[in-house]
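For reference, the structure is listed below as structure tokens.
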Amino acid sequence: MDCQQIREYLSAYLDGELESSRLGQIKAHLEECAACRRHWEELQASMKLLRALPEVSPPEFFREQLLQRLPGRRFTPWYARFRPAWLRFAAAAVILVAVLSLARLGSGQIIPRVMWPWQKGGDNAPLVGQVDREGDDGISSDLLKSSGKESGSPPGGEERRVQAAPAGSASSAKAVAVKKLPQMAGGNYPGQEQQAGGAVKDEQRGERPVPAREPAPGLFVLNSPQALSGEKEQRAAGTSRSGANGELREGAGGGDAPGALPPGPMQAPGTSLPGDDMSSGLKAVKKIMLVLEVKDINEAGGRILELGQKYNAPVEVGEQSEFAFIIPGEVWPGFFKELGAIGRVREYRVDTRDITPEYEKLEEKLGLLKERERELLTLNREADPAELVQVQEEIKKVTEQLDALSESARKITVRMVLCTNSSCQQDQLQVK
Amino acid sequence: MHPDVRDLDERELIKRSAAGDLEAFSELVRRYEKKVFTVAYRFTGNYSDASDLAQEVFIRVYQALPRFRGEASFNTWLYRITANLCRDELRRQKRHKKTSLEEMTAENACPGLPDGNSLSPDEIVEQREFQEMVQACLNELPDEYRLVLVMREIQGLSYAEIAAALDIAQGTVKSRLSRARQAFRQKLFGRREHFKFLSRLLE
């Protein structure tokens with residue numbers, strides 16, 4: 001038997017499962033072969049390390065959750081049975097909070113603006129969440145008013161029209177808004193008026209027949225250099241960070257109770273939001289969420305499905321007039337432009353996750369693996385054939401991961417919610 | 001007050017649980033949750049999946065308890081269910097080939113054992129950092145290898161039990177375990193060899 005065969009038997013040898021006929025052979029070989037002896041020691045050590053791993057405690061509320069999940073539960077949960085009343089309440093409160101947090105996260109895809117998890121930084125900081133909701137209330141009623149009178153021209157409604165304006169123009173309104181931020185820090189309503197200046201201008205552009213003619217702001221920043229043309233100066237003017245995200249957040253901020261948030265935290269999420277990666281050539285995964293206001297949801301839905309076919313991006317239809325699809329970044333501007341003919345973009349949000357570090361790490365790993373593979377191939381007398389197979393498997397795996405990463409960076413995941421004028425209002429109501 | 005379920009012996013708890021007594025079942029879970037969760041965690045490599053899996057195990061146990069006749073010990077029976085569910089999980093994952101980004105970009109933290117100083121498993125294994133590294137190396141193994149290693153080394157199942165749980169021949173268990181162990185050894189010690197090999201070349 002050669003070393004390789006001997007090593008195959010070491011596992012059974014370790015378990016005492018080796019046929020007695022082989023036993024002597026293995027023992028004798030280990031006596032005389034230093035390499036196999038080391039292999040044997042390492043194998044033993046590996047298993048010892050594995051066995052020595054400590055037990056792991058399940059997460060908090062593991063049992064409570066489990067009892068809730070039991071099918072056909074016939075009894076009240078244990079904590080309701082023998083805990084004092086206040087504790088029961090506490091347990092219920094904990095569950096309620098958990099459910100609410102989930103609801104907040106879960107709703108992010110369908111509910112516009114303020115409820116999106118990354119809105120206003122920290123999706124799970126309770127304080128921020130609370131303030132958020134106050135903001136919601138303010139903004140929801142604002143929106144209700146504004147969308148109710150949209151066709152007219154409500155006095156002092158400029159700021160609201162910003163939200164209804166096409167995303168492209170909304171961004172420039174935002175540019176104004178962000179600059180005003182320090183002044184608004186006190187929560188003074190005058191801030192809104194200043195903002196309105198920018199908004200009025202946009203509104204004029206927004207009234208052109210095809211509202212969303214210009215691609216949305218986040219897009220330029222992300223990955224469509226060709227789309228940059230029209231608004232380059234705006235971007236260059238240092239407003240690139242104020243993508244759609246910030247704009248919407250800002251709109252909510254304007255409605256906030258005075259002084260509800262200090263300027264710092266208020267600004268932070270907006271500025272930390274992604275959308276800056278194009279120029280630096282980073283790899284990033286992009287998600288776009290948008291709300292499209294249409295006249296007839298069924299008709300618009302049909303047209304969106306057709307668009308999906310045209311752009312070779314199969315559209316999935318979800319509940320509540322939600323659509324989702326994955327589309328190559330380079331054709332998204334075209335798609336988006338055509339959306340403008342279907343309806344009016346009421347919300348537009350880009351979420352970007354930088355995956356450059358992961359990518360580089362994988363590349364580095366691949367490099368090491370290939371180096372090892374070369375060594376194994378050129379110096380095979382020392383090499384373990386099993387290792388070569390493994391290294392090659394690993395190379396294949398890492399290459400696939402790299403491809404998958406590149407692929408996901410090349411494409412944009414888009415989620416879209418359709419609403420009619422009245423159902424957009426309902427959405428707002430539901431948010432409340 | 002209820003008589004304290006904590007004082008009840010296992011047989012009594014099983015009997016009551018089988019009859020739908022959730023208090024008894026809760027106590028039964030309390031006694032075994034750590035063991036089951038550990039297996040699930042070592043197998044899945046992350047808390048969230050492990051938690052789901054471990055809960056599935058206990059749900060299955062709860063459903064099957066009325067049919068538990070006590071031919072094997074409860075412990076063995078529970079471990080068998082755990083092993084079966086791990087296997088099912090593997091099949092499920094294969095069907096819906098997981099491509100979640102989280103997974104693809106999961107931090108590679110299996111650098112292998114540091115080269116140099118002589119190995120003292122007893123000392124080194126106490127370090128949390130080191131334990132995490134061992135788990136990371138385990139995570140990097142092909143799923144079948146990881147499963148069989150967890151069954152053998154963490155659950156302590158026999159070849160026959162593993163064969164039954166995976167529905168494969170004992171001979172297959174033997175050879176798969178051998179390959180799994182060698183692969184795991186390679187993860188931990190491969191780089192050490194690599195460096196030593198290089199230094200030998202330089203001599």
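So you know, we letter chains A, B, ... as the sequences are listed, proteins then strands, and number each from 1.
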Would you please say whether a donor-acceptor pair under 3.5 Å links the side chains of B:Arg185 and A:Ser46? no

Please state whether the side chain, the backbone, both or neither of A:Leu402 comes within less than 4.5 Å of a heavy atom of chain B. neither

Indicate yes or no for a side-chain donor-acceptor contact from B:Glu33 to the backbone of A:Arg63 under 3.5 Å, with no hydrogens or angles considered. no

Heavy-atom distance under 4.5 Å between the side chains of B:Phe37 and A:Pro59, does that happen here? yes

Residues, nucleotides or ligands: over 12 heavy atoms within 6.0 Å of A:Glu55 CD: yes

Measuring only between side-chain heavy atoms, which start at C-beta, is A:Leu50 closer than 4.5 Å to B:Val150? no

Given heavy-atom pairs under 4.5 angstrom as the criterion, report whether the side chain, backbone, both or neither of A:Glu394 touches chain B. side chain

To the nearest 0.5 Å, atom CD of B:Gln135 lies from atom CG of A:Leu53 at 7.0 Å

I'd like to check A:Asp15 versus B:Arg181 (side-chain heavy atoms, cut-off strictly below 4.5 Å). Are they in contact? yes

In this structure, which one of A:Arg7, A:Glu42, A:Gln390 forms a side chain to side chain contact (heavy atoms under 4.5 Å, CB included) with B:Gln182? A:Arg7

With a 4.5 Å limit on heavy-atom distance, are the side chains of B:Tyr47 and A:Val56 in contact? yes

Heavy-atom neighbours of A:Lys370 NZ exceed 12 at 6.0 Å: no

Taken to the nearest 0.5 Å, the spacing of B:Ser51 OG from A:Phe61 CZ works out to 12.5 Å

Listed once per pair and sorted, the salt bridge (Lys or Arg N to Asp or Glu O under 4.0 Å) pairs that draw on residues 163-179 of chain B, sequence neighbours left out: A:Glu19-B:Lys174

Which atoms of B:Arg152 approach chain A - backbone, side chain, both or neither, heavy atom under 4.5 Å: side chain

Reported CE-to-CG distance for the pair A:Met47 and B:Leu188, which is rounded to 0.5 angstrom: 8.0 Å

Do the side chains of B:Phe25 and A:Leu67 get nearer than 4.5 Å, heavy atoms only? yes

